[in-house]
Each structure stands twice: as structure tokens, then as C-alpha cells.
Protein chains: 2
Amino acid sequence: MIIDPTSPVHPYLQLAAHLREQIANGAYTGPLPSYEELVSQTGLSKGVIQRAIKVLVDEGLVFTVQGRGVFVKKG
Amino acid sequence: MIIDPTSPVHPYLQLAAHLREQIANGAYTGPLPSYEELVSQTGLSKGVIQRAIKVLVDEGLVFTVQGRGVFVKKG
DNA sequence: CACCATTTGTTCGTATGTATG
DNA sequence: GCATACATACGAACAAATGGT
């Protein structure tokens, strides 16, 4: 259960935190799960997925490539 | 500064008036600025942007197309 | 080259909860 | 109580880029 609907923390922040942790653990060798996969895994809408990803992009943790996916920045 | 927060006129009506004027001046060859752009330009929330646009729609000045934008009616 | 599936990007439509005057 | 406004979320449609067939 990635998202806790009973938590006072907004879902997009919960997801961002989850992905941040997965990245820190080196869970992603390739691209992150696609928006559609994350929609399925979390039950959230695409807009919220995108919003969570944007948080990580703004943090400089990942970058996105249209038509490819979301990738972890190296370095 | 599109919106004057010190004005007694409601923000959504200020924005509607502003857009009406821009349209009258032929400022928009293509679609109007997107909701997101208007959020940035005005500091208002999306709901208020939408409300201002709805005023113009009800006036028959513009029409909206989901996924495309807001367009000025010709004629 | 054309076509298609996948994936991210953009945009409007609607609903809900909270806060303020 | 009500109207206004803000923030979040979900839904739908359209667009663009990529990669494979």
C-alpha cells in the first residue's frame, strides 16, 4: 500500500516521498515505473502522479524524457 | 499587474474585464492563455480563472475546447 | 517511408475540503 | 448561512516524442 488515504499528508507528497526512498535504495536500474503503472499501483490519477514526479524533478533527483520515461539523475 | 487586490471589485470580475478588453483589442490570434498561464500571471487560483472564463463564455465571447484551450468566437 | 504502441506533456471539466469575511 | 477564494484531486481529450514493426 503506497498511499495511505487516512494520512493527513497529501497523496502527491506521499508518492514523492515513496519514490525518493526507492531511488535512495537504488530500486530503479532503468526508468521509473510509467505514469500508467503508478496510476495502477497507487490508485491515484495521472495528474497527481505527474505532480509527484515534478517534485522530484524540481529537487534535481530525476529528469523526464517525453516518449521514454522518467530517469534517475546520476552523480 | 492584472489584478488589483485592493479593489472592491471581485478578482474574477477584474480578470473577466481584462480578458474582454484584450479580446476587443484583438490581442489573441490563437487561443487565450491557458488556465495555468493565467494562474501564473494573476496569482489567482484555477477555480477563479475558470470562473472568469465562464463569464465570457456566457457572454458568447469565447468558447472552450477540452484539451485544446479557450478560443475567441468569430463573427 | 508509413504505421502503431508507449510514454510524457498540456489543457479544460468537475468535485471536494478548507478558510475567510 | 452564504459567497468568494484557494488547494487538491480525479476525469477526459488532445498533443508531441520515441521506438519498434
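Residue numbers begin at 1 in each chain, while the letters A, B, ... track the order of the sequences.
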Engineer: Using a cut-off of strictly less than 4.0 Å, decide whether S34(B) has a side-chain nitrogen or oxygen near OP1 or OP2 of dT11(C).
Structural biologist: yes
Engineer: Which side-chain N or O atoms in residues 6-13 of chain A pair as donor and acceptor under 3.5 Å with protein atoms at least two apart or in another chain?
Structural biologist:
from, atom 1, to, atom 2, distance (Å)
T6(A), OG1, D4(A), OD1, 2.6
T6(A), OG1, D4(A), OD2, 3.2
S7(A), OG, V9(A), N, 2.9

Engineer: Donor-acceptor pairs under 3.5 angstrom involving side-chain atoms of residues 38-53 of chain A: please list them, not counting sequence neighbours.
Structural biologist:
from, atom 1, to, atom 2, distance (Å)
S40(A), OG, E36(A), O, 3.3
T42(A), OG1, L38(A), O, 2.5
T42(A), OG1, L44(A), N, 3.1

Engineer: Once ring-ring contact (aromatic ring centres under 6.0 Å, His included) is applied, do any residues pair with Y28(B), and if so which ones, sequence neighbours excluded?
Structural biologist: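 With sequence neighbours excluded, Y28(B) shows a ring-ring contact (aromatic ring centres under 6.0 Å, His included) to no residue whatsoever.
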Engineer: Hydrophobic side-chain clustering at under 4.5 Å (ILVMFWY, transitive links): who's grouped with M1(B)? Put none if nobody.
Structural biologist: none
Engineer: Take nucleotides 14-21 of chain C nucleotide by nucleotide from the 5' end and write B, S or -, depending on whether a protein heavy atom sits under 4.0 Å from the base, only from the sugar-phosphate, or from neither.
Structural biologist: B-------
Engineer: Please work out if G69(B) contacts a base, only the sugar-phosphate, or nothing of the nucleic acid, heavy-atom cut-off 4.0 Å.
Structural biologist: sugar-phosphate
Engineer: Classify the nucleic acid contact of I53(B) as base, sugar-phosphate or nothing, counting any heavy atom under 4.0 Å across all strands shown.
Structural biologist: nothing
Engineer: Can you list every pair that meets ring-ring contact (aromatic ring centres under 6.0 Å, His included) and has a residue in residues 30-50 of chain B, with sequence neighbours left out?
Structural biologist: none
Engineer: Which residues, if any, of residues 2-24 of chain B bring a heavy atom under 4.0 Å of DNA chain C?
Structural biologist: none
Engineer: How many Å lie between NZ on K54(A) and P on dT10(C), as a whole number?
Structural biologist: 10 Å
Engineer: Which is more 5' along DNA chain D, the nucleotide nearest S45(B) or the one nearest Q66(A)? Just name the residue.
Structural biologist: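 The answer here is S45(B).
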Engineer: If you define the side chain from C-beta out and look only at heavy atoms, does anything of L61(A) sit under 4.5 Å from V72(A)?
Structural biologist: no
Engineer: So, do L19(B) and V70(B) sit near enough that their side-chain heavy atoms are less than 4.5 Å apart?
Structural biologist: no
Engineer: Please produce a list of atom pairs where a protein N or O lies less than 3.5 Å from an N or O of nucleotides 1-6 of chain C.
Structural biologist:
none

Engineer: Please state whether the phosphate of dG9(C), meaning OP1 or OP2, lies under 4.0 angstrom from any side-chain nitrogen or oxygen of T64(A).
Structural biologist: yes
Engineer: Nucleotide range of DNA chain D contacted by chain A, 5' to 3', under 4.0 Å to a heavy atom?
Structural biologist: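 The contacted stretch runs from dT8(D) to dG19(D).
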Engineer: For residues 13-22 of chain A, pull every pair meeting side-chain hydrogen bond (donor to acceptor under 3.5 Å, both in side chains), keeping only residues two or more places apart or in separate chains.
Structural biologist: R20(A)-E59(A)
Engineer: Please name all residues satisfying salt bridge (Lys or Arg N to Asp or Glu O under 4.0 Å) with K73(A), sequence neighbours left out, ordered by chain then number.
Structural biologist: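 For K73(A) there are no salt bridge (Lys or Arg N to Asp or Glu O under 4.0 Å) partners, ignoring immediate neighbours.
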Engineer: Give every residue pair that meets the ring-ring contact (aromatic ring centres under 6.0 Å, His included) criterion with at least one member in residues 50-70 of chain B, sequence neighbours excluded.
Structural biologist: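 The answer is F63(B)-F71(B).
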Engineer: Rounding to a whole Å, what distance do you find between I49(A):CD1 and dG9(C):P?
Structural biologist: 13 Å
